[in-house]
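Treat the numbers as computed from the prediction; the structure is a model and nothing was measured.
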Amino acid sequence: MNVLADSSIVLVSASPDRSMRSRADALEQAGAMVRACLLTQDLWSLVSEGGIDLCLLFVAQDDAEALALFDQLRQAERTRALPILIVARDLDDAATRGAAVVSSQLNDAAFVQAVSSLVLPMRRVREVEAQQRALRTELRKEVARANRGARDIAELGHELRSMLDAVMGFACNLRDELAGPMLPDQKSHVAGILDAVARGASLLDRTRGRAVVSQSRNTESGSLAVPVRSGRSLARLSQIAAEVVTLFHAVAVRKDLRVSCALDDTVSVWGDALKLKQVVSNLVVNALKYTPAGGEVLIRVAWSTSDSSDGVGARRAAEISVADTGPGIAPEHREQIFRRGFRVDSTAAVEGEGIGLAVVHEVVTQHGGTVSVSGKLGVGATFTVSLPQDRRQRVSDPRPEHNP
Amino acid sequence: MTQGLHILLVDDQPKMMESLDFRLRKSGYRTTLVQNGELALQSARSDPPSAVILDVTMPELNGYQTCRELKKQRPDLPVIIFTGKAEPADRFWALECGADDFVVKPADPAVIMKKLEALLRR
């Protein structure tokens, strides 16, 4: 196997001389594509063209200029990863810079072999990089496809509900004998139809419930997502709470409810901002739903010291609490309300499938936290979410695009 | 008790309201079915209903916008939003646009009747 075949090698020198010419010939005979250039100017443009497998830098005796160029290449962002081999008579100067060097005393055959051994791994690196790029493109396409699929499912769900309702409507009319008296066998047939419809509706509810929890930042339209890995970042809880309050401001006004906030700006956790926003949303939604007109909802974000029993000492917890002046939650229901499908009052004027708090519970658990409810029956309820402070105590997101 | 009470039904696919319409008429209500928001507003002006049952996904004026307009015309007109859109966000658009109740499809029409009666008693 000819390693040098089709590899792209650049020879750089202050003053091209006969020896450089003969090296170039030798490499070309071995199959390489060789380009020669004088220092600096041509080299930068070649680098920006890309695809250089190896750069051979010819350093003459006391050639400060060439060594300075080497330093430059090593420091500049776009050439830092460029493979450079120094060709020099005097190896010490080059070696002290941590450069790979090959002696200019070698004959052409030995020289070509030395170069080959360096080119091989570089080509592998380039191949792998190209593969990665291809994979990334594929992944982006897959995510887009998954999102489209999720959107289709959401739309299908909606259409199906309407169809099921039509079936249910007619079957119920038969059941209630609005279309005339029913024989026992006819009644049992109708019961069968209604049973199937109920199972269909329950299937739709369950599917939607799962999809809501796996909602990810990657969904462009914010639609339901089939599980796609979502991103974690430093989430400032006061910002999330403020956004949720703004979102539901009109509703609160319409329901004549006073919403106030006490938000500590320093409280942040390492987590999925979108899911945390869902948590706060669901809690606020419940408060608005169940608090009668004229009531109050208070949203608080603060640090609290939790007694840590893991021997590491007290670790701070980030707390979000939503308190309302609604009817409150009876002590015997306080654990069950976080279970999927549980509703305290199934005849409530506003429909619900009882998944809001289940979602809250699931997301909070994923973040290593806890959620609980307290308060007095008839006075109000306070839901408190407690999220452990990030062990690494990150207070700013290390990723550059997240720092203002 | 239901005599003279006029219910306006709004759905871009009239077949979806057919069984409810049948039940309403059997119970003595008078019903009008229209297919979009604009027609709903016109009908509400020319033949004021006692209550409106409103679908959400309709072309041009959707159910929420229609509800808002209806409430502007008559704030105390009972409006029930009846829809296959069941996201948590949809509940809140319903509250926000002024609807008096929100029913998710599929629903037992007997339950819708009860809700309607409760609203009409007010």
Value for CD (B:Glu18) from CZ (A:Phe170), rounded to nearest 0.5 Å, stands at 4.0 Å
Side chain, backbone, both or neither of A:Ala179 within contact of chain B (heavy atoms, under 4.5 Å):
both
OG1-CZ distance between B:Thr83 and A:Arg161, expressed to the nearest 0.5 angstrom:
9.5 Å
Kindly compute the distance separating CG (A:Asp165) from CE (B:Met17), expressed to the nearest 0.5 Å.
8.5 Å
Using non-hydrogen atoms and a limit below 4.5 Å, what part of residues 34-47 of chain B faces chain A?
none
Main-chain N/O of A:Leu178 paired with B:Lys26 side-chain donor or acceptor, under 3.5 Å
yes
Can you tell me which of B:Thr57, B:Asp55, B:Ile112, B:Leu20 forms the most heavy-atom pairs within a distance under 4.5 Å of chain A?
B:Thr57
Run the salt-bridge test on A:Asp176 and B:Arg23 with the 4.0 Å N-O cut-off and return the result as yes or no.
yes
How about B:Met16 and A:Met163: do any of their side-chain heavy atoms sit closer than 4.5 Å?
yes
Please find the pair of heavy atoms, one from A:Ala166 and one from B:Ser19, that lie closest to each other, and give the distance.
O-OG, 4.3 Å
Answer yes or no: are there more than 12 heavy-atom neighbours, outside A:Arg258 itself, under 6.0 Å from its atom CZ?
no
Member of A:Val167, A:Leu204, A:Leu194, A:Leu164 meeting the side chain to side chain contact (heavy atoms under 4.5 Å, CB included) criterion with B:Pro106
A:Leu164
Under 3.5 Å, is there a donor-acceptor pair between the side chain of A:Arg254 and the main chain of B:Cys97?
no
Considering all heavy atoms of both residues, which atom of A:Met168 and which atom of B:Pro109 are nearest to each other, and what is their separation?
O-CD, 4.4 Å
Separation of B:Lys85 NZ from A:Ser162 OG (nearest 0.5 Å):
10.5 Å
If you count the non-hydrogen atoms of other residues, nucleotides and ligands that lie under 6.0 Å from CZ in B:Arg68, is the total more than 12?
yes
Are B:Arg91 and A:Lys289 close enough that some pair of their side-chain heavy atoms sits under 4.5 Å apart?
yes
Under a 4.5 Å cut-off applied to non-hydrogen side-chain atoms, are B:Asp108 and A:Arg175 in contact?
yes
